[in-house]
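Structure first, then comments.
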Amino acid sequence: MNLRRDVFQAIADPTRRSILMLVAAQSMTAGAIASNFDTARPTVSKHLQILTECELLRSEQNGREIIYHLNPNKMKEIANFIEPFRQMWDEKFNKLEEVMKAYQNLKKE
């Protein structure tokens, strides 16, 4: 059975989010990425595998090294999915702010 990894489960992990932030700033090898964490390299390699399977990172063989790059197209896809929810909550908070201002104005009178 071939289960496809879920991108939102992948980014739910704080270590994987940290890896994405690192690689967003600069493409890096697995060793360079691992040097930023206090975990074993195989653990970081597993995180890299998950991020690659979710297409958040792409890997490029460069001689004996593998360099990891952020996949901006996949990140854009995620942002596009989340945007309507962000707009909805912005509208709700703006309405709440209006209600709170009206309430404060009533208290002053």
Side-chain angles (χ1 to χ4, degrees):
M1 184 174 185
N2 185 13
L3 296 177
R4 186 165 179 243
R5 295 214 186 258
D6 180 77
V7 70
F8 292 101
Q9 286 178 335
I11 61 176
D13 184 276
T15 301
R16 289 193 282 269
R17 288 194 307 269
S18 295
I19 290 170
L20 288 171
M21 296 296 288
L22 281 170
V23 178
Q26 177 181 346
S27 297
M28 305 173 91
T29 63
I33 294 167
S35 69
N36 288 277
F37 298 94
D38 291 330
T39 57
R41 185 167 172 173
T43 303
V44 172
S45 292
K46 183 65 176 173
H47 288 302
L48 291 171
Q49 176 188 0
I50 291 168
L51 291 169
T52 303
E53 287 175 8
C54 291
E55 299 175 354
L56 293 166
L57 295 180
R58 31 178 205 90
S59 59
E60 172 190 1
Q61 187 80 36
N62 188 5
R64 292 178 56 197
E65 293 184 320
I66 297 175
I67 300 174
Y68 290 90
H69 307 274
L70 186 70
N71 181 355
N73 294 331
K74 191 65 169 185
M75 298 301 286
K76 179 74 172 149
E77 187 180 313
I78 294 167
N80 289 342
F81 175 80
I82 292 172
E83 182 60 20
F85 298 101
R86 188 196 62 76
Q87 289 177 359
M88 177 189 68
W89 283 105
D90 279 351
E91 290 171 13
K92 288 181 184 287
F93 285 125
N94 288 340
K95 287 178 184 175
L96 178 60
E97 185 176 18
E98 290 173 18
V99 168
M100 293 302 295
K101 283 181 182 177
Y103 175 74
Q104 288 176 347
N105 288 337
L106 285 174
K107 278 180 57 176
K108 289 179 183 176
E109 294 176 0

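It should be emphasised that the depicted structure is a prediction, and the values quoted were computed from it without experimental measurement. Atom set for the values below is all heavy atoms of this structure, side chains included, hydrogens, waters and symmetry mates excluded.
Pairs of residues two or more places apart, or lying in two chains, that qualify as ring-ring contact (aromatic ring centres under 6.0 Å, His included) and include a residue from residues 49-81 are Phe8-Phe81, Phe81-Phe85. Contacts classified as salt bridge (Lys or Arg N to Asp or Glu O under 4.0 Å) and involving residues 76-87 (residues at least two apart or in different chains) are given here: Lys74-Glu77, Glu83-Arg86, Arg86-Asp90.
Few gaps surround CD on Gln49; more than 12 heavy atoms of other groups in view lie less than 6.0 Å from it.
Hydrophobic clustering, with ILVMFWY side chains joined whenever heavy atoms are under 4.5 angstrom apart, groups Leu57 together with Ile66. Under the 4.5 Å side-chain heavy-atom criterion for ILVMFWY residues, a single connected hydrophobic cluster contains both Met88 and Phe93.
Of all non-hydrogen atoms in Gly31 and Arg41, the two that sit nearest each other are N-NH2, 3.5 Å.
Ile33 contributes atom CD1, which lies 9.0 Å from atom OG of Ser27 (distance to the nearest 0.5 angstrom). Interatomic distance, Thr52 OG1 to Asn71 CG, rounded to the nearest 0.5 Å: 10.0 Å.
Residues satisfying the side chain to side chain contact (heavy atoms under 4.5 Å, CB included) test with Ala32, not counting sequence neighbours, are Met28, Thr29. Listed by chain and residue number, Lys101 satisfy the salt bridge (Lys or Arg N to Asp or Glu O under 4.0 Å) test with Glu97 (two or more places apart in sequence, or in another chain). Every residue meeting the side chain to side chain contact (heavy atoms under 4.5 Å, CB included) condition with Gln9, not counting sequence neighbours, appears here in chain and number order: Asp6.
Looking only at side-chain heavy atoms (C-beta outward), Asp13 and Ile50 stay at 4.5 Å or farther from each other.
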Name every donor-acceptor pair, under 3.5 Å, that has one atom in a side chain of residues 16-25 and the other anywhere in the protein, sequence neighbours excluded.
{"residue": "Arg16", "atom": "NE", "partner": "Ala10", "partner atom": "O", "Å": "2.8"}
{"residue": "Arg16", "atom": "NH1", "partner": "His47", "partner atom": "ND1", "Å": "3.0"}
{"residue": "Arg17", "atom": "NH1", "partner": "Ile11", "partner atom": "O", "Å": "3.0"}
{"residue": "Arg17", "atom": "NH1", "partner": "Ala12", "partner atom": "O", "Å": "2.7"}
{"residue": "Ser18", "atom": "OG", "partner": "Pro14", "partner atom": "O", "Å": "3.1"}

Would Thr15 and Thr43 count as a side-chain contact (heavy atoms from CB on, under 4.5 Å) if you check the C-alpha gap in whole Å, the side-chain angles of each, and the deciding distance to 0.1 Å? CA-CA 10 Å; Thr15 301; Thr43 303; over 6 Å; no
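No hydrogens or angles considered: nothing links the side chains of Gln87 and Glu91 as a donor-acceptor pair under 3.5 Å.
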